[in-house]
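Throughout, protein chains are lettered first and strands after them, A, B, ... in sequence-line order, and every chain is numbered starting at 1.
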Amino acid sequence: MNLFADIRALVIQELEAMTAEGALPEGLSLANVAVEPPRDAAHGDMATNAAMVLAKPAKANPREIAGKLAERLAADERIESAEIAGPGFINLRLVSGVWGGVVKAVLAQGEGFGRSDLGEGRRVNIEFVSANPTGPMHVGHTRGAVFGDALASLLAYSGHEVTREYYINDGGAQVDVLARSVYLRYLEAHGQEVAFEDGTYPGDYLVPVGEALKAKVGDAFVDKGEQVWLEEVRDFATEAMMGLIRADLAALGVEMDVFFSEKALYGTGKIEAAIEDLRDKGLIYEGKLKPPKGKLPEDWEAREQTLFKSTEFGDDEDRPVQKADGKWAYFAPDIAYHFDKVSRGFDELIDVFGADHGGYVKRMKAAVAALSDNRVPLDVKLVQLVKLFKDGQEFKMSKRAGTFVTLRDVVDEVGADVTRFVMLTRKNDAPLDFDFAKAMEQSKDNPVFYVQYAHARVRSVLRKAEAAGWDVSEKNLLEQEPGTVHPAELATMRKLAEWPRMVEIAAKGHEPHRIAFYLYDLAQAFHALWHRGNDEPELRFFQEGNESASLPKIAIAKAVSVVISSGLGILGVTPAEELR
RNA sequence: GGACCCAUAGCUCAGCUGGAUAGAGUGUCGCCCUCCGAAGGCGAAGGCCGUAGGUUCGAAUCCUACUGGGUCCGCCA
């Protein structure tokens, strides 16, 4: 049930009836007709812009259209009043029974209240994290992981068939570096003194990998040349790193459906096939690039190379797919990878990248547009940097200084739930300040706590009611008829009614942060209602010895907890039963 | 030199694909604890939505140009 969609359907229906009667010209587009909550609650429960949107194409006065439409809308049994305001808004006030109906819908549908078939079962592939398999995940990856996972849940909740996917960059030079680093640890495990020079990874996390390698191959690789051990050590190390990363993801509560290996694209003809596909479309050619403007690299020289005509799809330059030595540039396997995704039949692709990949977006979109003949849209979500704060001081990450903050550091300190929620209280394209102290603070300025507190309060009320021997099952609460609904309660019910709409908006825009903000608003409405009970005992949810007065209010409270629970579920956060 | 992102209250940020008098939190100021949980509650003050143009019934939102900040810019991935 989506009350806003229902009322919008009513508006559309009446507009069509007006057209049929000749009050409006034929053929008007009703696509922009919206039914929204008014900014100011004093204006009513809902407002529609229908008259203003249609005034121009209908060549009529907006207030005139509004007048006719309002009259018709007012005749509906759900609508108490329809008033024209401002330039031609129609403010609708709904009969109070409608709001009670919302509570009932929540209780009856549970977690299903807010689910929709918006996606119509379209298959969406979300690629996220995709951290290089060269070490544990750090905070930057964490934000991408949380964002991608929440977006995936949001789309699944909205009727999409979602695949969570991780692209393992195990095909490039960085895994050779990893292998050499592990080899050093391996020598170390054999008692040798080793030095970690530039271009190797000195992190302690490779110590156990070196030891494990020793346990596996003994001294077979000691004092041998790279050609003997590189390949095997590389595989061994990559696997070990992926083990680390999987464990990190698990600690955060992220579960991937697919791990896709870059290496698996090499030697199988997949890259060549993807490039050939583009070549057949006339989008691959041999040529020279213009030198980049501004400061030139020292050794720049124009060179003939294999280029992808990404400019045909809105990119600024054509992009090379091959390096000078004839090997594929990183872009080539990435094209092949996306070609693979397209050919797996996805209707929509989403890539979640770090902000430092911003320059890569256009060419990737160009590639997907070309590969899919513009059939499959690719949305690239760039996740901005996370700034860490400890005790109010910015805490700079630096591999060299050893102040390298891993996902584990954060999760161990504040827990997965808090980490996830905090990271979702910001748009993905805005930088995020993560303050350890604030994340743990139990006060109103900590949204995590505030939302959890609302949920815990409801559970507390339910426990009390149960202790009093009352039946607070959904079934029984559904049968409660509230006598008169207090205006303070209406505010909370209105918020509940917005949930399906909010999910839809968030899903359409690929913006899971909206869910977090909505939950904060809902919690706020609930807390406000709770506190009214201090002064007005008849508003309390649990009224000692007065079951019949309490149960309708408990129904509202329970509905709030259901929606909070749904919302937190999308964000991947466990709702709190109690706080201490 | 170019590309992408950002600019909204003193501070940290929302703003629902163009709607009405731009909202939260924090900070400041004023009230409120015999009360289902005061680790709070109610209220007030606080704004040239970076600047200048444009699009239209209507712009924080869309377009252009500036200004300021971030990220990045063949043969790294």
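- Of the candidates B:C13, B:U71, B:C16, the closest approach to any side-chain atom of A:R514 belongs to B:C16.
- In this structure, the CG atom of A:D433 is 17 Å from the P atom of B:C6, given to the nearest Å.
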Which donor-acceptor pairs under 3.5 Å do the side chains of residues 421-429 of chain A make with protein atoms, sequence neighbours left out?
residue : atom : partner : partner atom : Å
A:T425  : OG1  : A:V422  : O            : 2.6
A:N428  : ND2  : A:L382  : O            : 2.9

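- The residue among A:L289 and A:A456 whose nearest nucleotide of RNA chain B lies closer to the 5′ end is A:A456.
- Relative to the side chain of A:F542, the nucleotides B:A14, B:C36, B:C42 differ in distance, and B:C36 lies closest.
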Sort me out a list of protein N/O and nucleotides 17-23 of chain B N/O pairs below 3.5 Å, or just none if empty.
residue : atom : partner : partner atom : Å
B:U17   : OP2  : A:E36   : OE2          : 3.3
B:A20   : OP1  : A:R39   : NH1          : 3.2
B:A20   : OP2  : A:R39   : NE           : 3.2
B:A20   : OP2  : A:R39   : NH1          : 2.7
B:A20   : OP2  : A:R39   : NH2          : 2.9
B:A20   : N6   : A:N91   : OD1          : 2.6
B:A20   : N1   : A:N91   : OD1          : 2.9
B:A20   : N1   : A:N91   : ND2          : 3.0

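- Look at A:Q322 and you won't find any side-chain N or O under 4.0 angstrom from OP1 or OP2 of B:G74.
- With both ends at atom P, the span from B:C4 to B:C49 equals 26 Å, rounded to whole Å.
- Atom OH in A:Y330 sits roughly 16 Å away from atom P in B:C72 (whole-Å rounding).
- Nearest heavy-atom pair, A:S550 versus A:F541, reported as atom, atom and distance to 0.1 Å: CB-O, 3.4 Å.
- Of the candidates B:G74, B:C13, B:A38, B:A38 carries the atom nearest the A:R457 side chain, counting heavy atoms from C-beta on.
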Checklist entry - Can you check ring-ring contact (aromatic ring centres under 6.0 Å, His included) on A:Y337 and A:F260, steps first, answer last? => result CA-CA 8 Å; A:Y337 173 44; A:F260 193 100; 4.6 Å; yes

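- Across A:I275 and A:I284, no two heavy atoms sit closer than the pair O-CG1, 3.8 Å.
- Residue A:R532 has no polar side-chain atom (N or O) positioned under 4.0 Å from OP1 or OP2 of B:C36.
- Closest to the side chain of A:H513, from the set B:G15, B:C36, B:G37, is B:G15.
- A:K558 has its NZ atom 18 Å from the C1' atom of B:C36, to the nearest Å.
- In this structure, the CG atom of A:D351 is 18 Å from the P atom of B:A77, given to the nearest Å.
- Rounded to whole Å, the separation between the C1' atoms of B:G70 and B:A9 comes to 23 Å.
- Across the strands present, B:G18 finds no partner; the criterion is a Watson-Crick or G-U wobble pair with both atom distances under 3.5 angstrom.
- Summary of the strand contacts: A:A173 and A:F517 both lie near RNA chain B, and taking for each the nucleotide with the nearest heavy atom, the more 5' one is attributed to A:F517.
- At least one donor-acceptor pair under 3.5 Å links the side chain of A:E262 to the backbone N or O of A:G171.
- When both pairing distances are held under 3.5 Å, B:G40 makes a Watson-Crick or G-U pair with B:C32.
- The pair A:R459-A:E577 counts as a salt bridge, with a side-chain nitrogen and a carboxylate oxygen less than 4.0 angstrom apart.
- In this structure, A:R143 fails the cation-pi test against A:F147, since its NZ or CZ atom is not both closer than 6.0 Å to the six-membered ring centre and inside 45 degrees of the ring normal.
- Here A:F541 does not count as stacked on B:C36, because the ring centres are not under 5.5 angstrom apart with planes under 30°.
- At a threshold of 4.0 Å, the pair A:R514-A:E511 counts as salt-bridged, since one of the basic side-chain nitrogens sits closer than that to a carboxylate oxygen.
- The pairing partner recorded for B:G58 is none, the criterion being a Watson-Crick or G-U wobble arrangement whose two distances lie under 3.5 angstrom.
- In this structure, A:Q524 places its CD atom 8 Å from C1' of B:G25, rounding to the nearest Å.
- Minimum atom distance to the side chain of A:Y520 is reached by B:A24, of the listed B:A24, B:C6, B:G41.
- Look at B:C48: its glycosidic torsion is beyond 90° from 0, and that puts it in the anti range.
- Look at CD on A:E578: it is 15 Å from C1' on B:A39, rounded to the nearest Å.
- The listed nucleotides are B:C5, B:A77, B:C72; the one nearest the side chain of A:D356 is B:C72.
- We find that OH of A:Y337 is positioned 15 Å from C1' of B:A77, with the value rounded to whole Å.
- Spacing between atom OH of A:Y201 and atom C1' of B:C76 amounts to 10 Å, rounded to whole angstrom units.
- Within 4.0 Å (heavy atoms only), A:K56 reaches sugar-phosphate atoms of the nucleic acid but no base atom.
- Checking B:A77, B:G15, B:C4 against the side-chain heavy atoms of A:K427 singles out B:G15 as nearest.
- Nucleic acid contact for A:Y360: base, since at least one base atom lies under 4.0 Å from a heavy atom of the residue.
- Residues A:D351 and A:Y167 bring no donor and acceptor atom of their side chains to less than 3.5 Å of each other.
- Under the Watson-Crick or G-U wobble criterion, with both distances below 3.5 Å, B:A7 is paired with B:U67.
- Between B:C72 and A:K362, no contact under 4.0 Å exists linking OP1 or OP2 to a side-chain N or O.
- Using a 4.0 Å heavy-atom distance criterion, A:Q543 is classed as making no nucleic acid contact.
- Taking the C1' atom of each, B:C33 and B:A45 are spaced 26 Å apart, rounded to whole Å.
- B:U8 and B:U51 have their C1' atoms separated by 15 Å, with the value rounded to a whole Å.
- Only the C1' atoms considered, B:G50 is 16 Å distant from B:C5, to the nearest whole Å.
- A:K495 and A:E498 are joined by a salt bridge, as a carboxylate oxygen and a charged side-chain nitrogen come within less than 4.0 angstrom of each other.
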